[in-house]
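Okay, structure first, notes after.
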Amino acid sequence: MRGVRKLAAVCVGFSAAVFAAHYLLSPDMLISAAAVCAAMGILGFAFRKNTRLRIVLLFFAAAVGFLGYKYNVDTFLAPCEEMADREVTLNAVVTAYPEERKSCTLLYVRFCDDALPKTDGVLFDYSGSAASLCPGDEIRVDVKLRSAQTRYGEETDINISKGLCAVGYINGECRVTDHKNVSLMYLPKQIGHALGEKIREIFPESSEGFMLALLTGDRTDYYGDGKLSSSMSTAGLAHVVAVSGMHVAFLVGFLMAAMGRNRRSALMSIALVWAFVIMVGAPPSSVRAAVMQTMLLAAYLFRREYDNITVLSFAMAVILALNPFACGSISFQLSFGAMAGIMLFTQPLYVWLVEKVLVVRGRLRRLWDYLAGVLASSVAATVFTVPLIAAHFGYVSVLSPLANILCLWCISLLFCGGYVICAIGYIVPAVAKILAWIISYLVQYIALVVKWIADIPFSAVYVENKLTVLWLAASYAAFAAFLLLKRKHKISALIPIGVTVLGFAALIISLRISAANDPGTISIMDVGSGQCIAITSGNNAVAVDCGRGSISENPGDMLSSYLHANGRSYVDAVVLTHLHKDHANGVCKLLNSIEVGMLILPSEADEENGLLEEILAAADENNVSVAFIDRDCSYCFGEISLELYALEANSGALMLTADIGDYTMLVAGDAEKKAELELAEREDLSETDLLVVGHHGSKYSSCEEFLDEVNPEIAVISVGYNSYGHPTQEVLDRLEETEAEVYRTDLDGRFLLRLK
C-alpha cells in the first residue's frame, strides 16, 4: 500500500500545481513557482526516509505541474490568442461529426497548418457547407479567428477546458482536399454516429432525445424538450444524461455480467470502455471513470493492490497531463468531487442507515438494502458537489436523493437495454422498434418523476439569497463538528440532521414572509446587451422581456433563479415588448422553470429564426395563456398595474408603463424616435419616475423631445458587450441634460430598487 500511496503523492502534487497555475498564478509566475517547488523538494531530503520520499515526490511533481502548464500556454494557447481577429486560410482535419445548431454548424477540427500550432479548435459555419463533413476529412478553409478565452466580452475557459485553443468563423465554404475517414482513430466516432442514426430510427420521438443523450452523449435533441431538461436540472438528475462515470460503471457491470468475471472479459471490458469514452467525446468525467475502471481491472488481472485514493488522484493527473486547462471544466470538478464523496462517505452512511436508522429483516431486507445503498451514495456524492453546483449554477437541488432513489434503477435498465435494442435493430428492426416502444415507458416515467419533483415548492433553493448560503454553511459546520467530535463525545447524528432540517424550514418561512411583505421591487437584470425586468409586490410578480444573457447562463434561468431566491414560484404575467433575441431568447427557459399565468405578446411581431413558434410551443406545454396585443390595453395584478401601448410607429412591438402604487416606470423597448414622439403626444408621461432607456442606448432612441416630456428621476440602460457602440455618447449626453441619475447594467450590474 505504501508504494501506491507514493504514486498518490506524485499525482496530488502535480494536480495541485495545475489548479494553482490555472486559478491563482499568471503565466509569468509559473517558472518561479516551479523553482520554489523544486527548492522545497530538495529541502525534503532533510527528513526521514518515508516522509522524505513523499515530500520530494510531492514538490518535484508540483514543479513539473507548473512547467507543464507553462508549456501548454506558450506552445498552444498563446500563439492562437495572438492570431485573434485575423483572417487566414488554414488546413485542418475534421475530428468529429459536425453539430447542427439553430443558426450555424459547429465543426471540430485539428489544425495542421504552419500558421497555427497543431491544436484542436472549433469553427462556426453559417454557410451550411460543413454539415456534410465527416471525421478524417482534410479541409482548407478561410477563417476569421477570435480568442478562445473570451466570448461576448467576458473571460471564459469553456473552450480551453475542452482542449479547444483556437476558435473561428468560416468565411465562404469548406474545401475538402482529402478523405481519410477510414481509420481506427475515427472508428469510435463513426460507430457513435451510426448508433445515433439507429436510435432515431427505432425509438419513438418522445424518447429519442433522452436515449440519444444517455447512450451517445448527444444532447441536442434532449435540450429540444425544454420542460424535461429544466426539470431534470431542478430535480438534480441532469447528470444521468451527461455521459459520466456512472455510465462507464453501467457498461463494465453489464459486460462482466454478460461475459463472466475472468481475464478475457476484463481485457475486453477495458477495450470497450475506452471505445465508448472516445465515441461520446471523452468528457473528463468519463475519462476519469475509464482510468479508474482500467486500473481496477488491471489490478484484478495482475493481482496487484488497488487503492481508491491513489487511483482517483492518478486519474486526475492523467487528464491534466493531457490537457491542464481541463481543471476549469465544471464536468471535471463535479466528477472528481462526487467520486471523492462516494469513496469517503458511502460505506459509513450505508452502515448507519441499515444498522442504526432502520433494521429490516425478512423479505423486505433486499429492498431496504437497495434503497439505503442508493440514498447513501447519493448523499455522499453531494458532500463536495453541492458547493460546486451552488457556485457554478446558483442553486442546490434539495430533493436530488429522492430523484436518484426513484429513477436510478430504470436509468441502468435504459442504458443497458438501449444498447441491446440497438444491436437487435441491426438484425431485426421490427422487433427492435417494439422493444424500443416498450422501454420508452421508462423514459416517460422519469419525465413524470422529475417534473413532479421540480414542481414541488423549494425543491431547489438558490444561493442568490444570502439566507440560503447561511443555511448551507450552518449545515456543513454542524456535520463537520459531528465528524470531529462523535467518537470522543458520542454525539448523535440526529443533531446535525436536525440543524439542517430546522434551518431549511426557517429558510422557507423567511422567504415566504419576505415575499408576502414586499412593498414593491423593480429589478433590471444584468443580462448583457439584452433586457430582462422583474416587478414584484406582495405575492404578485410580472416580468418584462427576457433576453440575451451571459456566456454561461440563459436569461430565463437568471430571472427564474432571482424569483425563486426571493421566495416566488409564480409569475402573474410575462410581457414581451418585441420578439428579437435580445428581448426574448430566454422566455422558453423561464416558462419551463417557473409557473406563469399569462404571456403577453405584441401582435404581428417581427420574430427571429422561428422564435415565436418556440415560445408558443413552450406556453402550450406549460398551460400558459397567451394574449396578442394590437391596441392599447391595461392589466392589473394586485398592486402592479400595466399600461401597454401598441403604437402605429412601433408596429409589432410594445411600449409600457408599470405602476406600483404611486411609482411609475416606463419601458421603451426598442422604440425609436418616431414611436417615442407618438407616445409623448398621446399620453401624459410627466409622472414617470424611472425610465428604462430604449434600444440599449442606441442613438436612434431617447430623443430630446421625448426625454423632456418624461423627465425621469432615474434612467437605466440595460446594456453589455456589443459591436454597435451602445450606449452612444449622444444618448448619454441627452440623459445628462435631464439631470436624471443614470445607471448602466454593464458598469453597475443589476439595478435593484426597493420601494418603501
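The shown structure was predicted, so the numbers you read here are calculated from the model rather than taken from an experiment.
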Thr220 meets the side-chain contact (heavy atoms from CB on, under 4.5 Å) criterion, sequence neighbours left out, with Asp218

Contacts of Asp557 meeting salt bridge (Lys or Arg N to Asp or Glu O under 4.0 Å) (sequence neighbours excluded), chain-then-number -> Lys589

Next on the checklist: So does Tyr71 get a backbone contact from the side chain of Thr75, meaning a donor-acceptor N/O pair under 3.5 Å?
Outcome noted: yes

Between Val141 and Val143 the two heavy atoms that sit nearest each other are CG1-CG2, 3.5 Å

Donor-acceptor pair, side chain of Thr95 and main chain of Tyr108, under 3.5 angstrom: yes

Hits for side-chain contact (heavy atoms from CB on, under 4.5 Å) against Ala390, two or more places apart or cross-chain, chain-then-number order -> Val396, Val463

query = Got a donor-acceptor contact below 3.5 angstrom from the Ser718 side chain to the Thr745 backbone?
reply = no

Determine whether a donor-acceptor pair (N or O, by modelled atom type, separation under 3.5 Å) exists between the side chain of Thr728 and the backbone of Gly697. yes

Item to complete: Please confirm whether the backbone N or O of Lys162 pairs with a side-chain atom of Asn159, one donor and one acceptor, at under 3.5 Å?
Response: no

Neighbour count >12 (heavy atoms, 6.0 Å) for atom NZ, Lys189
yes

Can you list, pair by pair, the side-chain donor-acceptor contacts under 3.5 Å of residues 314-329, counting residues two or more places apart and other chains?
| unit_1 | atom_1 | unit_2 | atom_2 | d |
| --- | --- | --- | --- | --- |
| Asn323 | OD1 | Phe325 | N | 3.2 |
| Asn323 | ND2 | Ile160 | O | 3.3 |
| Asn323 | ND2 | Ser161 | O | 3.1 |
| Ser329 | OG | Ser331 | N | 3.2 |
| Ser329 | OG | Phe332 | N | 3.3 |

The side-chain contact (heavy atoms from CB on, under 4.5 Å) partners of Lys118 (sequence neighbours excluded) come to Arg110

Those residues at least two apart in sequence (or on a different chain) that pass side-chain contact (heavy atoms from CB on, under 4.5 Å) with Val12 are Leu58, Ser313

Under the 3.5 angstrom rule, does the side chain of Thr468 hit a backbone N or O of Tyr462 as a donor-acceptor pair? yes

Is any side-chain heavy atom of Val311 closer than 4.5 Å to one of Leu296? no

Practice task
May I ask you to decide if Val240's main-chain N or O and His247's side chain share a donor-acceptor pair within less than 3.5 Å?
Solution key: yes

Across all chains, not counting sequence neighbours, the ring pair (Phe, Tyr, Trp, His ring centres under 6.0 Å) partners of Tyr743 are Phe751

Residues 460-482 vs salt bridge (charged side-chain N to carboxylate O under 4.0 Å, His left out), sequence neighbours excluded, gives Glu464-Arg750

Here the side-chain hydrogen bond (donor to acceptor under 3.5 Å, both in side chains) pairs for residues 21-35, sequence neighbours left out, are His22-Tyr69, His22-Asp157, Tyr23-Gln333

Taking the side chain as everything from C-beta on, heavy atoms only, tell me whether Arg146 gets closer than 4.5 Å to Val167.
yes

- Query: Does Asn91 reach the main-chain N or O of Arg140 with its side chain, forming a donor-acceptor pair under 3.5 Å?
  - Reply: no

Salt bridge (Lys or Arg N to Asp or Glu O under 4.0 Å) filter on Asp526, not counting sequence neighbours, yields none

**Asked** Would a 4.5 Å heavy-atom cut-off, applied to side chains only, mark Asp582 and Ser529 as touching?
**Response** no

Legend entry - Short side-chain to backbone donor-acceptor contact, Thr177 and Glu138, under 3.5 Å: yes

Quiz item: Any sub-3.5 Å donor-acceptor pair from Gln293's side-chain atoms to Ile270's backbone N or O?
Solution: no

Within-4.5 Å side-chain heavy-atom neighbours: Ile31 and Leu67 | yes

Would a 4.5 Å heavy-atom cut-off, applied to side chains only, mark Leu349 and Thr346 as touching? no

The salt bridge (Lys or Arg N to Asp or Glu O under 4.0 Å) partners of Asp142 (sequence neighbours excluded) come to Arg175

Hits for ring pair (Phe, Tyr, Trp, His ring centres under 6.0 Å) against Tyr97, two or more places apart or cross-chain, chain-then-number order -> His193

